[in-house]
Amino acid sequence: MTERTQQRYEPQAVEAKWQAYWEAEQTFRTGDDTAAGAAKPKAYILDMFPYPSGAGLHVGHPEGYTATDIVARFRRAQGYCVLHPMGWDAFGLPAEQHAIRTGTHPRATTAANIANFRRQLKALGFSYDWSREIDTTSPDYVRFTQWIFLKLFERGLAYQQEVPVNWCAELGTVLANEEVKDGLSEVGGYPVTRVPLRQWVLRITAYADRLLDDLSLNEWPASTKQMQEAWIGRSRGCEIRFAVDAQAQGAGKEPLVLEVFTTRPDTLFGVTYIALAPEHPHLTALTAPGQAGAVAAYVEAARHRSDLDRKAAKTKSGVPLGTFARHPLSGEQVPLWVADYVLGDYGSGAVMGVPAHDERDFDFATTCGLPIKHVVVREDPGGAAGASASTSPQAAVCEPGWLVDSGAFSGLTSDAGGEAIAAALEAKSAGQVTVQYKLRDWVFARQRYWGEPIPILFPVETAGDPRTGADYRIDYSQPIALSASELPLTLPELEDFRPGSDPAGALARALDWRFVQRDGRWFARETNTMPQWAGSCWYYLRFIDPRNPECIADPAKLKAWLPVDLYVGGAEHAVLHLLYARFWHKVLFDEGVVPTPEPFGKLVHQGMILGEVEYGVYRDAQGQPVSRADVDLRAEPPARIADGAAVTLEKLDAAEATKNKRGDFVLANDDGVVLEARAYKMSKSRGNVVSPDEIIEAFGADSMRLYEMFMGPLEATKPWNTQNIQGVRRLVDRAYQIALNADRTLRIEDCPEREALTQALHRTIRKVTEDIEALRFNTAISALMVLTQTLQDLAAVPQAAAETLALLMHPFAPHLGEEMWACLGYPPSIQSVPWPTFDPALCESDTIEVPVQINGKVRGRLTLSRGLAEAEVLAQAQSLESVAPHLEGKSLVKTVWVPDKILTLVVR
RNA sequence: GCCGGGGUGGCGAAAUGGCAAACGCAGGUGACUUAAAAUCACCCGAGGUAACCCCUCCUGCGGGUUCGAGUCCCGCCCUCGGCACCA
C-alpha cells in the first residue's frame, strides 16, 4: 500500500466555491446563436416551475429538479445545446390570503418567497440558466399573458357567461366546491347559495377532438393520457327530440320540444319517463300549474346543494311536472319529471329514463314508482319479431343484446337496432347521431386581486363621473378589447385586499383604476382576474426568449427549441395544467405563433417522497395497547371492535417494533399487539416535513442529490430516511479520495489489473450512459458505487481511471465532479469536457461463468470461453463433479443451451 | 363502483422469461485508536445440520403456460393514487 492522503471532503466549502464559480463564469448560460444554428442538436429540458410558497422548498421539489439537472449536464457533455431554465408561478391565493390577514402587499410576500426559493435552488447546484429566470407576476410577463387572452377573444374562444358559483355573502367570497359542506361554508359555517355570476369562459371544448387525438403525438405515461381522455370524455350517441304535449303549455306559445342525449338509442322503446335537471331552462314552462309549488320547492332545495353534495347523495329523488311528452317513434305518452341526478351542464340537461337498462334510471324508477319496460334481452330471441321480454329482474340489464318489444326494430342486435332507430329518427327530423363531451368550457375568471387583470373594457352609461359617486350602468354585453399597445394592464395599488360584499371582487373598489374616460365617454375595466393556471399555460415559450420586448418569443427561436424534449413534474398536474397548456399551445399554433401542434414531447412524473416511516400503537383510555387487528379504523375516532371504546394512536420508537412471522409489525415485548407502521405524506400538521436546508447543512448538496436519486425509481412513491444518506455520503468521500490520490503518471496499460480495470471502466460508462438516457438514476449510482469500490481496491489508481470516475459522477454530484477535476490537475469546468465513450467489445471478458441447471436447480458452474457449441458444453457439464451424481441412473430427456448464458438439463 | 400503479430480506431496493436479493442502510465481528467517532476488512433471507460442507424452502394468495416464472396468462387478497350519477 502506498501512503494515501486522508483528507476528508468538506461539502460546505467546496460547494460554495463552485457555485460562486458557475455564477461568475455563467457556465450554464444557453447560447442563443447555437440554438438557432443547426450545428449542435438541441435539448429543451424543463421542470414544472414552482409556486413560491412561504414554506420554502420541500424535498419533493429537488427530486424532479435533480433528475432534469442530471440529464441537462449529461446532454451538455454529449455536445447538445441545452435549454434548462427556471422561473416562478407567482400569482396565487396564499399570497393574497396573507395580504388579507396582515396587510402585506402580495408583491412583497411573493418577492421574499422567490428570493428564498432561488437561494435554495442555487444551494443545490442546479445548472439553470438563471439569466432566463421569469416570474409570471412581472409586468413584462403579464403583458403577453394578456396578449394571448386577446387572441383568444379575437377568435371567439373567450366569452362571457352567467355561471352558477357558490357565493357566501357572509365571507364575501366565492367558494370552491370542496369548501362547501351541506350548504354551509366549511370555514365559519355560513350559508352558501348557488348564484349565477358573470364570468369569462374559454371555449376549450372547441378543441376537444384535437386535444384527444393529438395525445398520440406525445411520449407520455399511459396513465396520464388515459386521465386526459377520461376528462375530455368523448362519447358517441344520439340526440332525440320529444315533442311536449300541447296542454302542458299556455295558449299561444310555440310548441316546446325536449331534447335528450343517449348513448343507447337501441333502448328508446324502453323509455318510461323523461327527467330534467333542476337547472333546465324550460323547467317552469313545462310544469303543470298544479305541480308548480312542488317543483319550485324541489329546485330551490337543489340550489342550496353544491355539485359535490348532489353527487354524494345515495338515493335518487324527483318530482313529477304533471305534463307529458310524445315518444317520437311509438307516439306513446311519457311523463316528465325533475330530478337532481340529471346534470344541468352535460348533454341537454335532460335524459330519457330507461329503467330496465340503466342503473341510475332503475334506481330512480324504483324509488319513484315508475314502470320498468324491458326492450333488450341477453339471448337472441331467434329473430322473431314480437318476442317478449322476460319479467322484471332485480336490476337493470346494461349490456347490449337483442331488441324486443321495440316495434319494427325487434329482433335486431343492440348495435344494428341503435343505428336503425337513429336513422328512423333522422328521417322524421326527431333526432340525429351526435358526439358529447364531458369536458366543459373553462371558467377563466376569479373574483380576486392577485392575478392577471383581464384586458377588457365595457361601455358605461353615466351622468357624471363614476369615480366620484355618480350613478352608472355598465353594459357587459359590449366587451371591448384593449389594443396590444395598451398592454400590460397592471394591477392598481390597494391596501385592502378583501373581496368585499360585491361578487365582482376587490378590483371593483379601485374606482380610479376601474373607470377610464375616452373621447369623452366612460368605460369600466373588467374587475375579475385570471386564474393561476394562466401564467403556467405558456411559460415554457417565454423561456425560449425571455426578454423579447416585441413578442412572446422570436419565431426562429421557437422553431429551434420546440417542442420541450423532457418535461418533469408531479402527477397532480396530469389533467388540468397539462390540458390547459396544450389548449393554449394549439390556439397559438392556429395563430401561427408556435410551429408545433403539441408543446411537450416526453413527460415524466416524479413520484411522491413520503415522510419517514412511523410506528404507532393503539391504546385505549386506560393506556392498554390494542392490536391494530382489533381496531375499527373506519370509526371516527378509531375504536376497539369488541366494545366500541375509542383508541388513540401513539408514536413509537422504531426500536420498540419488530416483525413477526406473519409479516406484521408487533411490539417487541408483546407480539400479540400489531402495530401501525407506514410512511405518511409530508405535511406541516404531521410534523414530518424534511427541509432541503437541513439536509444540505448536514450532508452537502451532492449527497442530497445523490440520495434522492438513489432512493428508488424516479416515478415511484418512496419514504424518506435521513439515515440512508450515509451510503451516498460515503460514496462522495471515496470518490474524492480516489481523485486526490490518483497516480498522475500511471497509465491503465501499465496496471497489473489492466484487463479487469478496462472492462470495469467501459461497463460502467455503458451502464451510466444508458441509465441516464432511461432516467434510471438509482441503478446508475449503484454502478458508480461498484466502480468506486473497484478503484479503491487498486494499489494505485491510474489518472485516466480517476478521470472517468469524475466525468461519470459530475451530472449527479456536480460540485464533487468539479473538485475531482481540479484535483486531477485540470482547469474548470468539467462541464466542458466531452462525455466518455465505451467500446462494447471491451465491456465483455473472454471467459464466462455459466451455471448448469438440472431440473431447474443450479448444480454446478462452468468456466468457458465464449461461443462454444452445445455438445462441447454438455460434455464438460456431465463431467463436473457436482453435476455427475445428479445424472446417475437417470436418462437425459432434454438439453437447453442458451449460448454463453445457461445450460439446463432435464432428466428423469 | 370504475381506471391506473404497486406488493421481493429488518429497511430502501436490483433483476432483456435464464444463478432471486446487485447497490445501499441498519446490525454483527475484526483492524486502527488510550477511548470514541470516522475509516478499512469480513459476515449478514428463513429452516435443517449447526464447525464446515451440504440439503430444503423463499418474490401477497391459488391455479396455469414453459426445460425454466419475481417477470407471461387466469382467478383472488391487500395497498397507494385518480375518477366517480357524464345518460
Side-chain angles (χ1 to χ4, degrees), chain A residues 1 6 8 221-224 226-227 229-231 233 235 237-238 260-264 267 275 308 310-314 316 339-343 345-354 357-361 363-364 436-440 571-572 574-575 607-608 610 613 654 657-659 661 663 665 677-679 681 706-707 710-713 715-728 730-731 733-734 737 776 778-786 789 792-793 849-861 882 893-896 898 901-907:
Chain A
M1 264 285 183
Q6 286 291 333
R8 196 173 150 84
S223 58
T224 303
Q226 280 172 18
M227 279 165 73
E229 279 164 18
W231 192 262
S235 61
C238 193
V260 303
F261 172 76
T262 180
T263 53
R264 295 291 303 276
T267 64
L308 277 187
R310 247 168 83 174
K311 287 173 183 172
K314 295 249 156 39
K316 301 205 173 358
D340 70 1
Y341 84 91
V342 181
L343 304 176
D345 45 12
Y346 180 75
S348 55
V351 302
M352 59 180 214
V354 187
H357 306 295
D358 182 280
E359 262 173 53
R360 298 153 301 183
D361 295 347
D363 290 347
F364 181 74
Q436 282 292 336
Y437 301 89
K438 282 191 225 175
L439 182 68
R440 294 168 200 170
E572 67 272 21
V575 178
M608 205 192 315
L610 305 174
V613 173
T658 186
K659 207 168 196 181
K661 286 200 177 108
F665 277 96
R678 55 170 291 204
K681 200 167 164 171
L706 283 164
Y707 172 60
F710 187 64
M711 288 171 86
E715 294 172 81
T717 303
K718 304 163 284 267
W720 179 268
N721 184 338
T722 299
Q723 193 172 55
N724 284 1
I725 303 174
Q726 275 310 330
V728 291
R730 287 182 184 130
L731 171 68
D733 253 335
R734 289 170 185 166
Q737 300 305 332
R776 287 187 304 248
N778 53 333
T779 49
I781 292 168
S782 157
L784 289 168
M785 287 172 167
V786 174
Q789 186 63 253
Q792 192 173 252
D793 290 343
E849 194 179 68
V850 171
V852 179
Q853 278 188 348
I854 295 164
N855 291 351
K857 291 208 172 70
V858 177
R859 298 297 181 181
R861 284 161 200 294
S882 57
V893 178
K894 188 168 182 175
T895 317
V896 182
V898 183
K901 262 276 167 72
I902 190 169
L903 177 73
T904 297
L905 306 179
V906 185
V907 300

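When reading the values below, keep in mind they use all heavy atoms of this one structure, side chains included, and skip hydrogens, waters and symmetry mates. Bear in mind that the values here come from a model prediction, so they are computed numbers and not experimental data. Sequence lines set the chain letters: A, B, ... in the order given, protein chains first and strands last, and positions in each chain run from 1.
The two residues A:V342 and A:G349 have their closest heavy-atom pair at CG1-O, 3.6 Å. Scanning all heavy atoms of the two residues, the minimum distance from A:K901 to A:P851 falls at O-CD, 3.3 Å.
Rounded to whole Å, atom C1' of B:rG82 lies 11 Å from atom CH2 of A:W231. The distance from atom CE of A:M608 to atom P of B:rG6 is 16 Å, rounded to the nearest whole Å. Here B:rG10 presents its C1' atom at 20 Å from CZ of A:R678, a figure rounded to the nearest Å. In this structure, CD1 of A:I854 is placed 11 Å from P of B:rC55, rounded to the nearest angstrom. Here the P atom of nucleotide B:rA84 and the CG atom of A:L343 are 11 Å apart, to the nearest Å. For A:D361 and B:rA87, the CG to P distance is 12 Å, given to the nearest whole Å. In this structure, A:D733 atom CG and B:rC40 atom C1' are separated by 13 Å, rounded to whole Å. Rounded to whole angstrom, the span from the CD1 atom of A:I902 across to the C1' atom of B:rG68 amounts to 8 Å.
Each of A:G233 and A:A230 lies near RNA chain B, and the nucleotide nearest A:A230 is the one positioned closer to the 5' end. Heavy-atom distances to RNA chain B give each of A:Q226 and A:G349 a nearest nucleotide, and the one nearer the 5′ end belongs to A:Q226.
For A:N778, the side chain to side chain contact (heavy atoms under 4.5 Å, CB included) partners at least two apart in sequence or on another chain are A:P713, A:R776. Applying the ring-ring contact (aromatic ring centres under 6.0 Å, His included) test to A:W720 and every residue at least two apart in sequence or in another chain returns A:Y707. By the ring-ring contact (aromatic ring centres under 6.0 Å, His included) test, A:F364 pairs with A:Y273, A:W337, A:Y341, sequence neighbours left out. A:D733 meets the side-chain hydrogen bond (donor to acceptor under 3.5 Å, both in side chains) test with A:R8, A:R729; sequence neighbours excluded. Judged as a side-chain hydrogen bond (donor to acceptor under 3.5 Å, both in side chains), and not counting sequence neighbours, the contacts of A:T779 are A:D771. With sequence neighbours excluded, no residue forms a salt bridge (charged side-chain N to carboxylate O under 4.0 Å, His left out) with A:K438. When the side-chain hydrogen bond (donor to acceptor under 3.5 Å, both in side chains) test is applied to A:S348, no partner is found at least two apart in sequence or on another chain. Under the side-chain hydrogen bond (donor to acceptor under 3.5 Å, both in side chains) criterion, A:T224 pairs with A:H605, sequence neighbours left out. Residues passing the salt bridge (charged side-chain N to carboxylate O under 4.0 Å, His left out) test with A:D358, sequence neighbours excluded: A:R360.
No engagement by A:P221 is indicated, since no non-hydrogen atom pair under 4.0 Å with the nucleic acid exists. Contacts of A:T895 with the nucleic acid, taken as non-hydrogen atoms under 4.0 Å apart, are absent. Within the nucleic acid shown, A:V858 comes within 4.0 Å of sugar-phosphate atoms alone, with no base atom in reach, counting heavy atoms only.
A gap of 34 Å separates the P atoms of B:rU65 and B:rC54, to the nearest Å. Comparing the C1' positions of B:rC42 and B:rC32 gives an interatomic distance of 15 Å, to the nearest angstrom. Separation of the P atoms belonging to B:rG12 and B:rC80 is 15 Å when rounded to the nearest angstrom. Comparing the P positions of B:rA14 and B:rC72 gives an interatomic distance of 15 Å, to the nearest angstrom. Distance noted for atom P between B:rC2 and B:rC85: 15 Å (whole Å). Comparing B:rG17 with B:rC11, their C1' atoms are spaced 29 Å from each other, to the whole Å. B:rU71 and B:rU59 are spaced 9 Å apart, taking the P atom of each and rounding to whole Å. Comparing the C1' positions of B:rC58 and B:rC19 gives an interatomic distance of 15 Å, to the nearest angstrom.
For A:K718, the listed nucleotide lying nearest its side chain is B:rA13; candidates were B:rA13, B:rC11, B:rC3. Here the side chain of A:P713 is nearest to one of B:rG12, B:rA13, B:rA41, namely B:rA13. Taking only side-chain atoms of A:Y341, from C-beta outward, the nucleotide of B:rU16, B:rG12, B:rC85 with the closest atom is B:rC85. Considering only side-chain atoms of A:K901, the nucleotide from B:rA87, B:rG18, B:rG4 that sits closest is B:rG18.
Although no hydrogens or angles enter the test, the distance criterion places no donor-acceptor pair under 3.5 Å between the side chain of A:K857 and the main chain of A:N855.
For the OP1/OP2 pair of B:rG81 and a distance below 4.0 Å, the side-chain nitrogens and oxygens of A:T717 include no atom meeting the criterion.
The distance from the OH atom of A:Y437 to the OG atom of A:S235 is 9.5 Å, given to the nearest 0.5 Å. In this structure, A:D345 CG and A:R440 CZ are separated by 3.5 Å, a value rounded to the nearest 0.5 Å.
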In 5'-to-3' order, the base (B), backbone-only (S) or no-contact (-) status of each nucleotide in nucleotides 56-67 of chain B, using a 4.0 angstrom heavy-atom cut-off, is SS---------B

Quick one, give me the B/S/- string for nucleotides 22-27 of chain B, reading 5' to 3', where B means a protein heavy atom under 4.0 Å from the base and S means that only happens at the primed atoms, P, OP1 or OP2.
BBSSS-

For RNA chain B, what dot-bracket results from Watson-Crick or G-U pairs at under 3.5 Å, with [ ] for crossers and | for inter-strand partners?
(((((((..(((.....[....))).(((((.......))))).((((.....))))..(((((..]....))))))))))))....

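With a glycosidic angle no further than 90° from 0, B:rG9 counts as syn.
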